[in-house]
Structures are given as C-alpha cells and as structure tokens.
Amino acid sequence: MPAYTSYKNYLALLKEKSKPQYFKKSLNLVLIVTVLALGVVSSLIILTVNIGREAKLKKDFAQTAVNTFTTGKNTLADNLESFQIAGATTKFLDEVKESSQAAQGYQVTISEEDKTIAKAENTILLLESQKRDLEKQTTPADQQKVKETIIEYFNESISALTQIRDEHKFAKDLILTLGADFYLTKLTQDGLWEQQDKTKVINFYNSQTTEVQKTQSKIIMLTPPSNYRSFFKQQIEYLKRVENLSQSIITLLSQEDSKDPDEAKQIEKAYQLLQTAKEESNKLAKNLMTERLSAFEKQDNLAKFAKARILESAIEDQLQSLIQEEEFNAAPIIEAIDKIKNIISVY
C-alpha cells in the first residue's frame, strides 16, 4: 500500500468512518423513544387495570349492599304485621268463659304462639345471614360508613325481633304452666252444683286445690319480661284466689247443716260464696285480658323497631346516592378514560 493517499480518498475514508457513528446515534434514539413509549403504555395499562379493579370493587359492594339491605327490609316488613295474630286470638279466647271451647282455645293459643315464635326466629336467621354476607364483602374505604350503618340496622332489627321472640316464648311457657284449667278465669265446673252433691263438689275443689298448688310452684320459676310483669302478678293473684275459694268451699261443705230450718244449708252457703267470688273474678278477668293483650299491641312492637326505622330511612338515602355516584358500569369507564387522556396529554 502506498505511504500516501489522494485527498479524494482521504475524504472518502472520513465519510466511511462517520456512517457507523450516525447509525449508532439513530439507533440509540430509537431505543430511548421505544423504552419511553413502553413505559407510558405500561403505566397506562396498570392504571387502567387499577381503575377497573376499583370500579368493580365499588360495583360489587353497591350490589351486595342494596341486595342484602332490601331483602332484610322486605322480610322484616312482611313478618312484622303477623306478630299481632296471637293478640287477636287471645282477645277472642279470653271472651270464652266456662265453655266447652276453653280446652280447644288453649291449644289454639299455644299453636299461635308457636307460629309467632317461629316467624321471629326465621326472620332473625335471615337477617343474620344477610349481615354476614355484607360483612364478608370487600368494601371501598369511602363506603365503609354505609356498610357500618347497614350492619347497625341489622343488629337493631335482630335485637327487636329477639325481644319479641322471648316475650312470646314467655307467653307460651306461662300458658303451658297454667294449663287448660287455669289459663282462663274458671272457678267451677259446668253442672257441678245442679245435683247438690256435697261429696262431688268437695272432690272437685280438693282436686282444684291440688292442681293450683302445683301450678303455683311452677309459675314462680318463670321470669316475666318487663311488659308482662303486671299481667304475671295478677295471674298469680288469680291462682291465689282460686286456692282460697276452693279451701273455703271445702271448709263450708265439711260442716254439718244447721238444724235451724230457716238457716241456709252449707251447700247453699258454698254456692253463694262461689257467686261472690265470680263477681270479683270477672273484674280480675277483665284486667287479665287487658294486660295480656297489651303485650301483643302492634304499637308496642313497632316501638321496638323505632331506631331500626330511623336507620332504614338513612340507609335508603345513602344507597340511592351510592347508585347514582357509581352508575354501576358507565361511571367507572368514563373515569378511567378521563384519567388516561390526562396522562397522554402530558406526553
């Protein structure tokens, strides 16, 4: 190779040396732009996924909140009216005195109490199930307050239903304790006095005394709810009157008749004692009926749900706002698009 070269060759050599450098710079620029583009796209994808996940979370919570609350509210409303049935039945049966329908009425009353207790317990189970479903639902931070309010509503409703159930359980236990003979104010047996047989009358009231004493030993084991205390006290008073009347009649009939023809016979004195006791018993019976019915008053049951009703109204407003805010599907998509546009505009 010659030790020198022409100027033309020199320029050509310089041109050849510059080509790789220019290509290298261009390639580096392309790589930088590509990396930046991939970074932006990746960020947008991650952001879109996060927005979608957040939107789905809000949608799922809103649907669960609405469904659980609506189901619980409707079930509660459907069953609340039925809690008055036992009261209506009691009112009818309390008007049946010393008749062949008394024993049948006793069974009907127990049956109605069982139905009321079962309805209360079934409603409690449903509300507890709805509450658990809501508690398990993942909740957006900004919707935690709504969730807590709905759970409080369920707790208040369950508490009121539990109180109603326990009151009717007590009513049933009391009726079972009194038995068919004493759950209504019954002081004698139909046709007992017609034959004027002192032995039959004594035997009846001996049996009556034994039964009332057994009932008294059982009834004191019961603990009445607050709204049953007055009724419970008067029921015990009634049993005591039956016992005293029975013993007084037995005492009178155990004595010999007077030899004075103008003086009433002992069985006549005992019958008059019974009639006087009936007048007093009728007054007590009215009080017992009033006290018994007051435990089933619809207004009283509704009062137990006063706080739940207030919460119910507030929850309905909150859920309506939640639905409007989310618009379930449309709002999250629009929100995601707007955020993506804002990011793209930066670049």
Side-chain angles (χ1 to χ4, degrees), residues 90 92-110 170-224 228-260 263-293 295:
T90 299
F92 167 75
L93 294 173
D94 273 339
E95 294 172 353
V96 180
K97 296 184 177 68
E98 301 184 42
S99 72
S100 60
Q101 300 178 44
Q104 180 183 359
Y106 170 75
Q107 296 298 332
V108 170
T109 302
I110 293 176
F170 171 80
K172 177 187 174 182
D173 290 342
L174 179 59
I175 292 168
L176 288 172
T177 300
L178 292 171
D181 290 333
F182 299 127
Y183 98 107
L184 294 176
T185 51
K186 183 178 179 181
L187 300 180
T188 188
Q189 189 178 66
D190 294 339
L192 177 65
W193 298 84
E194 292 177 0
Q195 298 177 5
Q196 298 187 23
D197 188 327
K198 291 172 62 175
T199 302
K200 284 185 178 181
V201 175
I202 289 173
N203 288 339
F204 171 78
Y205 283 102
N206 270 325
S207 175
Q208 188 92 322
T209 300
T210 300
E211 290 303 316
V212 78
Q213 288 173 347
K214 288 180 181 179
T215 301
Q216 286 173 325
S217 66
K218 294 177 183 177
I219 201 171
I220 60 174
M221 304 299 292
L222 301 177
T223 303
Y228 268 95
R229 286 172 188 163
S230 179
F231 170 70
F232 187 68
K233 181 179 178 180
Q234 292 191 58
Q235 191 68 64
I236 292 176
E237 180 184 343
Y238 159 70
L239 290 174
K240 189 63 180 177
R241 287 190 183 188
V242 172
E243 181 184 19
N244 291 339
L245 173 65
S246 299
Q247 291 176 343
S248 296
I249 288 175
I250 292 169
T251 299
L252 281 173
L253 294 180
S254 299
Q255 298 173 2
E256 294 292 334
D257 291 334
S258 173
K259 294 181 180 180
D260 186 351
E263 186 176 342
K265 294 183 178 180
Q266 295 302 105
I267 196 166
E268 293 175 354
K269 293 178 181 179
Y271 186 74
Q272 289 300 321
L273 181 62
L274 172 65
Q275 298 308 309
T276 301
K278 276 187 176 183
E279 293 179 5
E280 296 175 354
S281 177
N282 286 338
K283 295 177 183 178
L284 179 58
K286 290 180 180 179
N287 291 335
L288 284 171
M289 184 175 72
T290 301
E291 293 292 343
R292 187 183 297 182
L293 289 175

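Computed from heavy atoms alone, side chains included, the values below leave out hydrogens, waters and symmetry copies.
Take E279 and apply the side-chain contact (heavy atoms from CB on, under 4.5 Å) test, not counting sequence neighbours, and it matches no residue. Applying the side chain to side chain donor-acceptor pair (under 3.5 Å) rule to E256 yields no partners; only residues at least two apart in sequence or on another chain are considered. Every ring-ring contact (aromatic ring centres under 6.0 Å, His included) that F170 has, sequence neighbours left out, goes to Y228, F232. By the salt bridge (charged side-chain N to carboxylate O under 4.0 Å, His left out) test, K240 pairs with E243, sequence neighbours left out. The salt bridge (charged side-chain N to carboxylate O under 4.0 Å, His left out) search around E263 returns K269, not counting sequence neighbours. Legend: residues meeting salt bridge (charged side-chain N to carboxylate O under 4.0 Å, His left out) with E268, ordered by chain and number and at least two apart, are absent. Listed by chain and residue number, nothing satisfies the side chain to side chain donor-acceptor pair (under 3.5 Å) test with E194 (two or more places apart in sequence, or in another chain). For T223, the side-chain contact (heavy atoms from CB on, under 4.5 Å) test picks out no residue, with sequence neighbours left out. Taking K233 as the reference, nothing meets the side-chain contact (heavy atoms from CB on, under 4.5 Å) condition, with sequence neighbours excluded. With sequence neighbours excluded, the residues that form a side chain to side chain donor-acceptor pair (under 3.5 Å) with K200 are Q195.
Taking 4.5 Å as the limit, some side-chain heavy atom of Y205 sits within range of a side-chain heavy atom of L192. The closest side-chain heavy-atom distance from K172 to I110 is below 4.5 Å. Within the 4.5 Å cutoff, the side chain of L178 has no heavy atoms near those of the I175 side chain.
Atom NZ of K265 is surrounded by 12 or fewer heavy atoms from other residues, nucleotides or ligands within 6.0 Å.
Between atom CE of residue M221 and atom CG of residue D173 there is a gap of 12.5 Å, rounded to the nearest 0.5 Å. Of the inter-residue distances, the one linking T199 atom OG1 with N206 atom CG reads 11.0 Å to the nearest 0.5 angstrom.
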### Query
side chain to side chain contact (heavy atoms under 4.5 Å, CB included) between Q235 and T177: does it pass, once the steps are laid out?
CA-CA 11 Å; Q235 191 68 64; T177 300; over 6 Å; no
Distance-only criterion, 3.5 Å: show the donor-acceptor pairs between side-chain atoms of residues 245-253 and protein atoms not counting sequence neighbours.
unit_1	atom_1	unit_2	atom_2	d
S246	OG	V242	O	2.8
S248	OG	N244	O	2.9
T251	OG1	Q247	O	2.8

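Between Q275 and Y271, the side chains place a donor N or O and an acceptor N or O closer than 3.5 Å (distance only, hydrogens not considered).
In this structure, the side chain of T215 engages the main chain of E211 through a donor-acceptor pair within 3.5 Å.
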